[in-house]
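For reference, the structure discussed in these notes is given below.
The figures that follow rest on heavy atoms only: side chains count, while hydrogens, waters and symmetry mates do not.
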Amino acid sequence: MRDNKRVYTFGNGLAEGAADMRNLLGGKGANLAEMNRIGVPVPPGFTITTETCNEYFARGKDTLISLLSDEVMRAVHHIEGLMGATFGDPTNPLLVSVRSGARASMPGMMDTILNLGLNDTVVEGLAKKTGNPRFAYDSYRRFVQMYGDVVLGMKPETKEDIAPFEEIIDHVKAQRGVRLDNELNVDELKSLVVLFKQEIKHRTGKDFPTDPMEQLWGAICAVFDSWMNERAILYRKMEGIPAEWGTAVNVQAMVFGNMGDTSATGVCFSRNAGTGENVFNGEYLVNAQGEDVVAGIRTPQQITKAGSLDWAHQQGISEEVRASLYPSMEEAMPEIYAELDMLQQRLEAHYKDMQDMEFTVQDGKLWFLQTRNGKRTGTAMVKIAMDLLRDGVIDEKTALLRCEPHKLDELLHPVFDPVAKSQAKVLTHGLPASPGAASGQIVFFADDATRWHDDGRRVIMVRIETSPEDLAGMSAAEGILTARGGMTSHAAVVARGMGKCCVSGAGAINIDYKHRTVEIDGVVLKEGDYLSLNGSTGEVYQGLVKTQPAELTGDFAELMTLCEKYTKLVVRTNADTPHDAAIARSFGAVGIGLCRTEHMFFENEKIKAMREMILADTKEGREKALAKLLPYQKQDFYGILKSMDGCPVNVRLLDPPLHEFVPHDLAGQQIMADEMGISVQEIQRRVNSLSEHNPMLGHRGCRLGNTYPEITVMQTRAILSAAIQLKKEGYDPQPEIMVPLIGIVNEFDEQEKVIRDTALQLFAEEGVELHFRVGTMIEIPRAALTADQIARHAEYFSFGTNDLTQMTFGYSRDDIASFLPVYLDKKILSVDPFQELDQEGVGQLIRMAVERGRSTRPDLPCGICGEHGGDPHSVKFCHHIGLSYVSCSPFRVPIARLSAAQAAIE
């Protein structure tokens, strides 16, 4: 603990904190302090540190309150002095907000309480002080509702139920015959407060607290508690945020956007968070508070006139209606808009990145409540980084480091086929909240979305509006459609952060949760019906719409070129077909790091020949069958080597056990018997003879090649004869032949001799010599430990990290799902070791093998070819231990290239 200081104050242009104290003060607290320092108007307040959050969970609520009490009271008096009002005073009351603020942005995941400090006496004083009783009681009912939800746990009893306070509000509005909350009068707001308190008493057995300090401590502890709520934990898992970081708590003087028509609240972005365009944009609501905007309760208006015109066009609203009912802030509050525009430019220039800002206008005065580097789509991320680079705001290294590798995946997602899209029925339009194309079956609840996704179904989650409790469902869904909410609603912000397609504010949709239906312009769709969303245009289509691959040009291509300038670790691909190889090469792969030959044997004529070889009892019989396979194998390798002309192609010899190529059900065995002209009993006898207790550790890999060297002979001839043909045609094939699964150097030596002897014979037959390399896959711990011996003959190492992880941990990669969730939940494992390389164990084996191998052969090329080759953390580790290359699936090549460049810079 830093001198036991737990509370840092800010206000009136002064601050005890600064932007570089993000880890201690959280992102929000650090930026509130920084905005004070650069002259942005911010309501005064104080921040309780992230370290205190960890102390809270370690030492308990009562202990922490006693430790914090004096510092918090001094900080409250600090706010009182700057605001000229007193917390809890019935004649001149000060109200505060209590918000979370982790060091990493977690929008909507933790809790907020506004208007804190009100009770039946103070509310009368606020009404008298402002001369605005409606505002006072609107603030009071909001406070009771929010405090009840967040601190007192007033949640719906079932997912179909409306939240208890919302049900009360809906009943009062129905009695009055109004649609919106801001149409309720003072007496109705007063009655809401009474009804809310009665509901709290009914559900909790306790009266609503009236002491402002009791309220404040309840709110502070509730915000700390929300760091460990279900949605926050899930979000941290998704984003890789450590639990030990904790959250700060920010307490600020309230400023009010709900004081009438000269007050407002809003959210704005210095650039477009969906496309990255350098266009100021955002949304606001007159006579509202901030939660109204992000919760999607009312569909907000646009900040700029241009944005308002676009919105009206998307909604089919005429210019006359727009100008009258939905004016932009630029038109309705021109002076405030000019100040807001000036300050957002100042903030972006100061932070040198796109800013996401929250603001409130209280009776004609502008206040900023937050700024942060904005969540953005993958497309926007790349465009913003490259635009700032071109404008000289940031340098090349910063541009590369600004881009999150995993978000590049969003740019590779399919888009709707133009022909299919033109023929699809457009049901309605909403706001293009997060770009992309998504099709799936309709679900209405988060747990259903998760369950259906786990069953292998693609779903579209349809909600009136989303809330943080919907996070798991949003993660599982292909896309999200909401009836309410704007471009800055919870659904929009979280979907953009996830890279999910989202259409929000589609006002024409009417959702019936109880009957699980949605009606759109007379068309009634039920749960399970198909729907398609265009998150780039806001269009909603009936049924499934065909997609096509995205095209990658422009800023993305420039970013990839920039990667090449800095990277030292080259990127290959795992590809078994010319099509996959061509895709990977278009993404910048400079070779194939793993070509799995077993994937080539399952087409009709090939599998027959393969099964004939398996059934043969003699070498001659096996050679006869393999002779049938040879031309097919040669044709496969010809296409792959041609598509990778001039680049190395690493072909792994046959790896899986033979039982994988024969049917295990009676119907399949009968078909095989008919094809082979033998009895089912004979097929069953041979299948049973191939059975193994532990086939992953059984007769496979180099053990097959050493038992049946004729298989290695056939594959070697196929690879090298394809390369010879290409060389004769003027191409530059660069084949590499890899022996899998060795644990003993003798296993490799036996296979290498077969390969070299076969090559010499082939070259003599063809009258052509060809350079090729023979290497091995290191996937057994013993091979890593004896790498110096293996490197005497092996010309390269390729680490098969999937099997190496399996054998090092002793976890079956096929069966780990039965206990992995428990291990992750209990923090026995921090990550799935098959997704992110275990650097402490498996990584050290790789490091050792590289060092020992190069002690024998100093120029030994080394790479990895498991799926870890596309994981950013794993790629950076590979750079640091000096690997030559990584290899990954085609669509992860750009991710690996960016990760490799970042590793070189870091």
Side-chain angles (χ1 to χ4, degrees), residues 572 574 591-598 630 633-634 636-637 640-641 644 647-655 700-724 726-727 732-766 768-780 782-784 786-800 803 849-850 852-854 856-865 883-885 887:
R572 298 193 194 183
N574 301 340
I592 292 179
L594 177 62
C595 177
R596 304 173 181 88
T597 57
E598 60 270 13
L630 177 60
Q633 283 267 275
K634 177 182 175 181
D636 289 331
F637 294 132
I640 290 170
L641 286 162
M644 276 288 171
C647 297
V649 174
N650 183 24
V651 181
R652 182 178 71 184
L653 298 178
L654 188 63
D655 183 56
R700 53 170 288 225
C702 66
R703 300 157 199 167
L704 276 175
N706 283 322
T707 309
Y708 305 125
E710 53 271 20
I711 297 175
T712 302
V713 170
M714 182 278 289
Q715 291 201 292
T716 301
R717 290 186 71 90
I719 296 164
L720 295 181
S721 59
I724 288 169
L726 285 165
K727 185 174 181 180
D732 179 24
Q734 297 184 21
E736 299 173 341
I737 300 177
M738 181 164 66
V739 180
L741 209 73
I742 71 159
I744 306 167
V745 66
N746 294 343
E747 289 180 308
F748 177 80
D749 290 347
E750 282 290 318
Q751 284 288 278
E752 187 200 19
K753 185 177 186 306
V754 173
I755 294 166
R756 297 288 184 194
D757 289 349
T758 302
L760 287 174
Q761 184 179 346
L762 180 63
F763 294 163
E765 293 171 7
E766 295 286 344
V768 175
E769 286 204 9
L770 183 80
H771 174 72
F772 70 99
R773 295 193 296 185
V774 182
T776 189
M777 180 176 276
I778 306 290
E779 49 195 323
I780 292 178
R782 191 183 190 283
T786 59
D788 52 339
Q789 300 174 29
I790 296 168
R792 291 174 191 158
H793 294 109
E795 295 178 295
Y796 63 89
F797 288 171
S798 177
F799 293 93
D803 267 356
V850 172
R852 292 187 177 185
R854 286 176 178 166
T856 300
R857 188 186 293 266
D859 60 349
L860 181 74
C862 297
I864 68 168
C865 58
L883 294 194
S884 313
Y885 69 86
S887 187

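- Looking at Arg652 and Ser798, their side chains never come closer than 4.5 Å, going by heavy atoms from C-beta outward.
- Sorted by first and then second residue, the pairs that involve residues 786-796 and meet salt bridge (Lys or Arg N to Asp or Glu O under 4.0 Å), not counting sequence neighbours, are Arg756-Glu795.
- Taking the side chain as every heavy atom from C-beta outward, Glu747 and Arg703 approach each other to under 4.5 Å.
- Pairing each heavy atom of Gly591 with each of Cys647, the nearest pair is CA-CB, 3.8 Å.
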Practice task
Would you check, one step at a time, whether the test side-chain contact (heavy atoms from CB on, under 4.5 Å) holds for Asn574 with Arg596?
Solution key: CA-CA 8 Å; Asn574 301 340; Arg596 304 173 181 88; 3.9 Å; yes
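- Lys634 NZ to Ile719 CD1: the interatomic distance, rounded to the nearest 0.5 Å, is 13.0 Å.
- Between Leu653 atom CG and Met777 atom CE the span is 10.5 Å, to the nearest 0.5 Å.
- Remark: Leu760 pairs with no residue by the side chain to side chain contact (heavy atoms under 4.5 Å, CB included) rule, at least two apart or across chains.
- Contact check for Phe637 versus Val649: no side-chain heavy atoms found under the 4.5 Å cut-off.
- Within the 3.5 Å criterion, the main-chain N or O of Leu654 finds a donor-acceptor partner in the side chain of Gln715.
- Sparse packing is recorded around CD of Glu750, with 12 or fewer heavy atoms of other residues, nucleotides or ligands lying under 6.0 Å away.
- Looking at heavy atoms from C-beta onward, Ser887 lies out of side-chain contact with Ile592 at the 4.5 angstrom threshold.
- Under the 4.0 Å criterion applied to side-chain N and carboxylate O atoms, Arg572 and Glu736 are assigned as salt-bridge partners.
- The local environment of CD in Glu769 is sparse, with at most 12 non-hydrogen atoms from other residues, nucleotides or ligands closer than 6.0 Å.
- A donor-acceptor pair under 3.5 Å is absent between the side-chain atoms of Glu752 and the main chain of Val774, judged by distance alone.
- Two residues are said to be in side-chain contact when any heavy atoms from C-beta on lie closer than 4.5 Å; Phe772 and Ile755 meet this criterion.
- Here Ile640 contributes atom CD1 and Met644 contributes atom CE; the two are 9.5 Å apart, rounded to the nearest 0.5 Å.
- In terms of modelled atom types and a separation under 3.5 Å, the side chain of Arg852 and the main chain of Ala787 share no donor-acceptor contact.
- Taking all atoms of both residues into account, the shortest heavy-atom contact from Ala794 to Gly775 is CB-CA, 4.4 Å.
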Exercise for the section: Could you please spell out the steps behind the salt bridge (Lys or Arg N to Asp or Glu O under 4.0 Å) verdict for Glu765 and Arg717? Expected result: CA-CA 11 Å; Glu765 293 171 7; Arg717 290 186 71 90; 2.6 Å; yes
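- The line from CZ of Phe748 to CD1 of Ile778 is 9.0 Å long, rounded to the nearest 0.5 Å.
- The distance from atom NE2 of His793 to atom NZ of Lys753, rounded to the nearest 0.5 Å, is 12.0 Å.
- The minimum heavy-atom distance linking Asp803 with Glu779 is given by the pair OD2-OE1, 3.2 Å.
- Between atom CZ of residue Phe799 and atom SG of residue Cys865 there is a gap of 10.0 Å, rounded to the nearest 0.5 Å.
- Smallest separation of non-hydrogen atoms from Arg773 and Pro861: NH1-CG, 3.2 Å.
- At least one side-chain heavy atom of Thr716 sits under 4.5 Å from a side-chain heavy atom of Ile737.
- When the side chain to side chain contact (heavy atoms under 4.5 Å, CB included) test is applied to Ala723, the partners found at least two apart in sequence or on another chain are Leu641, Pro733, Pro735, Leu770.
- The closest side-chain heavy-atom distance from Leu741 to Arg700 is below 4.5 Å.
- Between the side chains of Thr597 and Gln633, not a single donor N or O lies within less than 3.5 Å of an accepting N or O.
- The shortest non-hydrogen separation linking Thr786 to Gly743 is OG1-O, 4.2 Å.
- Shown here for Ile790 and Phe797, the closest heavy-atom pair between the two residues is CG2-CE2, 3.8 Å.
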